[in-house]
Structures are given as C-alpha cells and as structure tokens.
Amino acid sequence: METLKTHVVHGGVLRYLRHDSTATGTPMTLSVFTPPGQGPFPVVIWLSGLTCTEDNFTTKAGAYQAAAKHGVIVVAPDTSPRGEGAADDPAYDLGQGAGFYVDAVQPPWAPHFRMETYVTGELIDLIDREFPTTRARAIMGHSMGGHGALTLALRHPGLFRSVSAFAPISSPTRCPWGEKAFTAYLGDDRAQWAAHDAARLIEMGAARGVYDDILVDQGDADPFLADQLKPELLVQAAKTAGQGLTLRMQPGYDHSYFFMASFIADHVAFHAARLKGPTR
C-alpha cells in the first residue's frame with residue numbers, strides 16, 4: 001500500500017492509503033485509524049453512502065475519539081472503483097460513488113464493480129496483513145453504506161461479530177435507489193435481488209443466532225425516510241424472525257454527517273463491547 005498522508009489524532013494515527021485492487025482491477029483508496037498503543041486491536045469497517053469517498057467519514061464523522069478510547073482500528077474504504085477504466089453514469093446514484101456493495105454481473109459494470117468481494121475479501125485480508133489486528137471485526141455504515149453493512153454482515157456472518165447502521169437503505173428491492181442500482185448491476189431478475197436486501201435477509205433468519213442485536217439510528221427529519229430508507233421494514237422483518245434489532249428514531253435529525261457525528265460514539269461503543277474476547 002502507498003501512504004498518501006498521515007495525521008496524529010486523539011493519540012492515534014490516521015493514514016490515507018492507496019493500493020491496486022485485484023478485486024476491482026483499479027486503484028482503491030481508504031483511510032485507517034489505529035489507536036494509541038501496540039495492539040493488537042479489533043477492527044471496525046465503515047461503509048459510506050452515495051457520492052462519498054473515504055474522506056467524508058474520515059473528516060466529518062468524529063469517530064476517532066471514541067475509537068481511541070475503546071482501542072479499535074477504524075477502516076473507511078471508498079464507495080466504488082474509480083478512474084477512466086471503470087464504467088460510470090452521469091447520475092449521482094449509479095456508477096462511480098455508487099457501488100452499492102454488490103458484485104455486478106451486468107455490462108458495463110461487471111469487470112470492476114465488485115465491491116462485495118473487495119470489502120469481504122481483499123480489504124479484510126489487507127488490513128489483517130498490514131496492521132496489528134486481533135482478526136475480530138465489526139461493520140457499520142450510512143445510507144447506501146448502511147445497506148452494505150447490513151447485507152454484507154448477513155451474507156458473511158463468519159466475518160463479523162456485530163453490525164450497525166445509520167439511516168440505511170433497509171430494503172433496496174422496494175425503493176427507487178435500490179431498484180435502479182440492482183437493475184443495472186444485477187439484471188432484471190428480482191429473485192436475485194432479495195439476496196442483497198437486508199430486510200428480506202433478516203426475515204429469512206440470516207441474523208438469527210449470529211447477532212444478538214442490530215443497532216440502527218434514523219433521523220425522523222430525514223428527507224429520504226419515507227421513499228428510500230423505510231426502516232419499518234427492518235423492524236417488521238426482525239419481529240417475524242425473532243431477531244434482536246434496536247431502531248432508534250432520533251427527533252429532528254436529518255441524513256447528514258451532523259446526524260452521524262451526534263451518535264457515532266454510541267456505535268463505536270456498541271461494537272467495542274462485542275469485539276472483546278478471543279476470535280471465533
């Protein structure tokens with residue numbers, strides 16, 4: 001990995017990094033915060049939302065004071081492959097900056113848009129190889145990244161001890177953002193979409209016996225709440241499956257990083273409590 005820049009923050013070290021990805025066939029960028037001390041440390045992976053890069057969370061979420069306190073590494077990758085060789089679309093909700101954390105199977109996206117493989121395989125291996133980790137890890141995210149955190153945790157339960165989300169796209173098979181992206185990346189067969197839908201996966205029992213609780217924060221002043229996010233579908237699915245899920249509706253909060261910065265310490269603490277002890 002190439003180190004682009006470093007900063008000392010809350011006694012730890014924040015690194016901006018770049019590497020050539022075999023999963024996407026493109027350079028990928030990310031940030032990694034390591035807390036004070038020698039380690040080894042557990043890892044929390046953050047997945048960002050539409051239009052974001054690794055920099056949005058890194059500079060706006062304010063996660064590192066809590067990460068230093070609890071002794072966890074925080075990793076924030078970019079949201080998609082980028083560059084002239086990667087396909088793109090003029091719209092903000094498709095293409096570069098909008099990878100949706102799936103492996104695309106449709107042209108022109110399939111050669112590079114393989115974000116599920118990147119996050120659950122290459123990125124985890126890279127962090128475990130290059131940093132002092134305990135190999136215990138959690139995952140969280142916002143909006144499109146909340147969808148990614150939930151679905152990757154549900155599809156790869158052996159990789160993560162806990163999962164949380166801010167304002168996630170709860171059921172992409174039932175909202176305009178998800179329908180557009182899944183049609184482009186996965187094709188027209190809606191039966192294939194359900195395997196990447198958090199609410200449907202929870203309803204089918206994918207989290208049962210794996211995660212004691214799933215923490216979701218949602219602002220009730222979020223402009224995307226009713227049409228795109230639909231957290232009530234997560235609650236309904238959890239009740240059907242007998243799955244622990246805590247939805248905290250936060251009065252007056254919107255979809256911005258001001259919302260996330262207000263509650264990020266709670267999420268870091270939620271994961272830190274579940275990352276203690278020996279690896280599975």
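Numbers here simply count residues along the sequence, with the first being 1. Atom set for the values below is all heavy atoms of this structure, side chains included, hydrogens, waters and symmetry mates excluded.
The aromatic rings of His19 and Tyr118 lie parallel to each other, with less than 30° between the two planes, well short of the 60° mark.
When each of Trp193, Tyr101, Trp109 is checked for a ring-ring contact (aromatic ring centres under 6.0 Å, His included) with Tyr185, only Trp109 meets the rule.
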Would you please test Asp217 and His267 for side-chain contact (heavy atoms from CB on, under 4.5 Å) and show each step? CA-CA 9 Å; Asp217 270 308; His267 285 244; 2.7 Å; yes
Are His112 and Thr26 close enough, and set up right, to give a side-chain hydrogen bond (donor to acceptor under 3.5 Å, both in side chains), and what steps lead you there? CA-CA 7 Å; His112 301 293; Thr26 67; 5.6 Å; no
Between Lys69 and His10, does the side-chain contact (heavy atoms from CB on, under 4.5 Å) criterion hold? Intermediate values first, please. CA-CA 9 Å; Lys69 174 184 176 181; His10 293 294; over 6 Å; no
Go through it in stages, so that I can follow the logic: the residues are Thr53 and Thr29, the test is side-chain contact (heavy atoms from CB on, under 4.5 Å), and I'd like the CA-CA distance, side-chain angles, deciding distance and then a yes or no. CA-CA 8 Å; Thr53 69; Thr29 52; 5.8 Å; no
side-chain contact (heavy atoms from CB on, under 4.5 Å) assessment of Gln236 paired with Leu234: CA-CA 5 Å; Gln236 293 169 11; Leu234 291 177; over 6 Å; no
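Residue His7 holds its NE2 atom at 10.0 Å from OG1 of Thr59, rounded to the nearest 0.5 Å. The structure places CD1 of Ile202 at 13.5 Å from NZ of Lys239, a figure rounded to the nearest 0.5 Å. Rounding to the nearest 0.5 angstrom, the gap separating the CE atom in Met260 from the NE2 atom in His255 is 7.0 Å.
Residues Pro77 and Leu47 form a side-chain contact, since some pair of their non-hydrogen atoms from C-beta on lies under 4.5 Å apart. Between Ile264 and Met140 there is a side-chain heavy-atom pair separated by less than 4.5 Å. Taking the side chain as every heavy atom from C-beta outward, Val216 and Arg248 never approach each other to under 4.5 Å.
Checked against a 6.0 Å centroid threshold, the rings of Tyr253 and Phe263 count as neighbours.
The number of heavy atoms from other shown groups lying within 6.0 Å of CZ (Phe258) does not exceed 12. Taking a 6.0 Å sphere around CD of Glu232, one finds it holds more than 12 heavy atoms contributed by other residues, nucleotides or ligands. Heavy atoms of other residues, nucleotides or ligands lying less than 6.0 angstrom from NZ of Lys180 number more than 12.
Of the possible polar contacts, none joining the Gln243 side chain to the Ala237 backbone as a donor-acceptor pair under 3.5 Å is found. For Gln228 (side chain) and Trp177 (main-chain N/O), a donor-acceptor pair under 3.5 Å exists by modelled atom type. A donor-acceptor pair is defined here as one N or O able to donate and one able to accept, closer than 3.5 Å; such a pair exists between the side chain of Arg161 and the backbone of Lys276.
Linking Ile, Leu, Val, Met, Phe, Trp and Tyr residues whenever their side-chain heavy atoms come within less than 4.5 Å places Ile169 and Leu94 in a single cluster. No continuous path of hydrophobic side-chain contacts links Leu215 to Val72 [ILVMFWY only; heavy atoms under 4.5 Å]. A chain of hydrophobic side-chain contacts below 4.5 Å, direct or via other Ile, Leu, Val, Met, Phe, Trp or Tyr residues, connects Met249 to Phe224. A single hydrophobic cluster is not seen to contain both Phe270 and Val210; linkage of ILVMFWY side chains at heavy-atom distances under 4.5 Å, directly or through other members, places them apart. Follow the hydrophobic side-chain contacts under 4.5 Å out from Phe259 and you reach Phe57 in the same cluster.
Between Arg274 and Asp212, at least one side-chain N (NZ, or NE/NH1/NH2) sits under 4.0 Å from a carboxylate O, which counts as a salt bridge. A salt bridge does not link Arg129 to Asp125: none of the charged nitrogens lies less than 4.0 Å from a carboxylate oxygen. We find that Lys60 and Asp55 are not joined by a salt bridge, their nearest charged nitrogen and carboxylate oxygen being 4.0 Å or further apart. Remark: Arg174 does not engage Glu179 in a salt bridge, criterion side-chain N to carboxylate O under 4.0 Å.
Closest of all the heavy-atom pairs between Gly49 and Ser143 is CA-CB, 4.5 Å.
For Ser48 and His142, the side-chain atoms include no donor-acceptor pair closer than 3.5 Å.
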